[in-house]
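Below is one structure, written out as structure tokens; the observations come after it.
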Amino acid sequence: MGNDDHRRRKTPCGFCMAVFKWIPVLFITAVIAWSYYAYVVELCIRNSQNRIGMIFMLLFYHLFLTLFMWSYWRTIMTSVGRIPDQWRIPDEEVSRLFRADSPDTQKRILNNFARDLPVTNRTMNGSVRFCEKCKIIKPDRAHHCSVCSCCVLKMDHHCPWVNNCVNFYNYKYFVLFLGYALVYCLYVAFTSLHDFVEFWKGQLNASGMGRFHILFLFFIAIMFAISLVSLFGYHIYLVLVNRTTLESFRAPIFRVGGPDKNGYNLGRYANFCEVFGDDWQYWFLPVFSSRGDGYSYPTSSDQSRVSTSSPTQRYDAMGDTTTSRLDGNPTDKLIGASPLDTTNHHHNQSPHQVRSTSVLPTQLLQIQPPSPYRDELNEQQQKLANGQSLDCSTPTAMSSPAECGVNGAAVYIEMIGDHPLTSADSAKGFPRPPNGDLPV
């Protein structure tokens, strides 16, 4: 919970509100306690005549109940966490932000403060997301919860039935809670179906209030199962597409690409492992095994650039996701993302218009000439090594590793400018430059 919520509890009204929030949780707990009595005592112990069947019924019942209650308890008691101080804007910067005379000035202040933070989400006007109540830069996928009075990492929604925000730290527990609650209800309904039918036939062994406990046990189990089917199925869908409930209604806005509901979609298996972890032994246990730290997340654009075969390797190979979308101005990113044109256009340019890399001649790639001219080219190289001049009219001389320039000297283009290559330089074994640095 946030600090504001802690201060509210100190007042009488705040204390009453805190107690009121626990009413849905107490209601669910009371229903589970009653179902335990109705199933164990009324249905199994007092009504069952098959002792072996009763033992197996109670064995599986307690197994599902334990997993159900364990997941429910972890969902309720897991804290939403606390945003580190490095995300908090100093008071003087906040004052400057509120005194800014234009949205562009505010945007500049926020972008400058968040330049070293791993944020890729933006507001509609392209600014870094800022929480005015918490005075912090919002991490990606984080939102402010008015009930918890704080910013919550990867906030899905605030659930009154668990009196907590469903977030990065307890989302796995919440999905397991829904799944095991559904299994619990279906198990109770199916194992009590026979006695429910016997009740309407008038052949049920139970008497008095026990008969009505079994009757309502079946009805309530079916009712909760129907509501849980749609909710659990919806959250399984969200897990497989790597999307929160808030993101399904309002797509996150990225610095590159704008709004994109599938911005975090890495593929079904990778999305599943992001919530449930890589070790299958912990997938169905309410223990924390989710990937990441809750502050930065790999995006679909990162996934498209990784070619490893294993989903685990794909996630790990993304490494730091702080620059996965856009850093700096939009034009800076677009220019930086555009590859330089390295195609040789030198035949249409003058020597001083040619740009080349700054590598030394000895670092240039050695290109082997065609085999018919190799002997003659070796002979030309030997003449250069002996200080003799070349006949530039012959085809082999023009194809030699040191192309003839003015007065038989070879000219190499180096950055912006040129210089002649003398016979002494050739004697040092300077190889022919690659196509990007052809002599002229």
Between [Y] and [X], is there a side-chain heavy-atom distance shorter than 4.5 Å?
{"X": "Tyr39", "Y": "His213", "answer": "no"}
{"X": "Met223", "Y": "Phe218", "answer": "no"}
{"X": "Ile89", "Y": "Ile136", "answer": "no"}
{"X": "Val239", "Y": "Val175", "answer": "yes"}
{"X": "Ser290", "Y": "Tyr171", "answer": "no"}
{"X": "Arg46", "Y": "Val41", "answer": "yes"}
{"X": "Met69", "Y": "Ile32", "answer": "yes"}
{"X": "His143", "Y": "Val152", "answer": "no"}

Taking the six-membered ring where the residue is Trp, are the ring centres of [X] and [Y] under 6.0 Å apart?
{"X": "Phe284", "Y": "Tyr180", "value": "no"}
{"X": "Tyr184", "Y": "Phe177", "value": "no"}
{"X": "Phe64", "Y": "Phe68", "value": "no"}

Take a 6.0 Å sphere around [atom1] of [X] and say whether it holds more than 12 heavy atoms from other residues, nucleotides or ligands.
{"X": "Phe60", "atom1": "CZ", "answer": "no"}
{"X": "Leu59", "atom1": "CG", "answer": "yes"}
{"X": "Phe216", "atom1": "CZ", "answer": "no"}
{"X": "Tyr234", "atom1": "OH", "answer": "yes"}

If you measure from the Lys or Arg side-chain nitrogens to the Asp or Glu carboxylate oxygens, is any gap between [X] and [Y] under 4.0 Å?
{"X": "Lys261", "Y": "Glu247", "result": "no"}
{"X": "Glu93", "Y": "Arg99", "result": "no"}
{"X": "Arg82", "Y": "Asp85", "result": "yes"}

With a 3.5 Å cut-off and no angle check, do the side chains of [X] and [Y] form a donor-acceptor pair?
{"X": "Ser300", "Y": "Asn265", "value": "no"}
{"X": "Glu42", "Y": "Asn47", "value": "no"}
{"X": "Ser127", "Y": "Asn125", "value": "no"}
{"X": "Arg243", "Y": "Asn271", "value": "no"}
{"X": "Ser289", "Y": "Lys172", "value": "yes"}
{"X": "Tyr173", "Y": "Tyr72", "value": "no"}
{"X": "Thr245", "Y": "Asp156", "value": "yes"}

If you apply the rule salt bridge (Lys or Arg N to Asp or Glu O under 4.0 Å), what do you find for Glu92 with Lys135, and how did you get there? CA-CA 11 Å; Glu92 57 272 13; Lys135 306 298 187 298; over 6 Å; no

I would like to know whether His194 and Phe199 meet ring-ring contact (aromatic ring centres under 6.0 Å, His included); could you show each step before the answer? CA-CA 9 Å; His194 177 267; Phe199 173 84; over 10 Å; no

Would a distance-only check, ignoring hydrogens and angles, find a side-chain to backbone donor-acceptor pair under 3.5 Å from Asn170 to Asn167? yes

Is a donor on one side and an acceptor on the other found under 3.5 Å between the side chain of Thr105 and the backbone of Asp101? no

Would Arg141 and Tyr264 count as a cation-pi pair here, with the cationic atom under 6.0 angstrom from the ring centre and within 45° of the axis? yes

Once the angle between the rings of Phe168 and Phe288 is folded into 0 to 90°, is it parallel (under 30°), tilted (30 to 60°) or perpendicular (over 60°)? perpendicular

Over all heavy atoms of both residues, which pair between Pro118 and Asp140 is shortest? Give the atoms and the distance, please. O-OD2, 3.7 Å

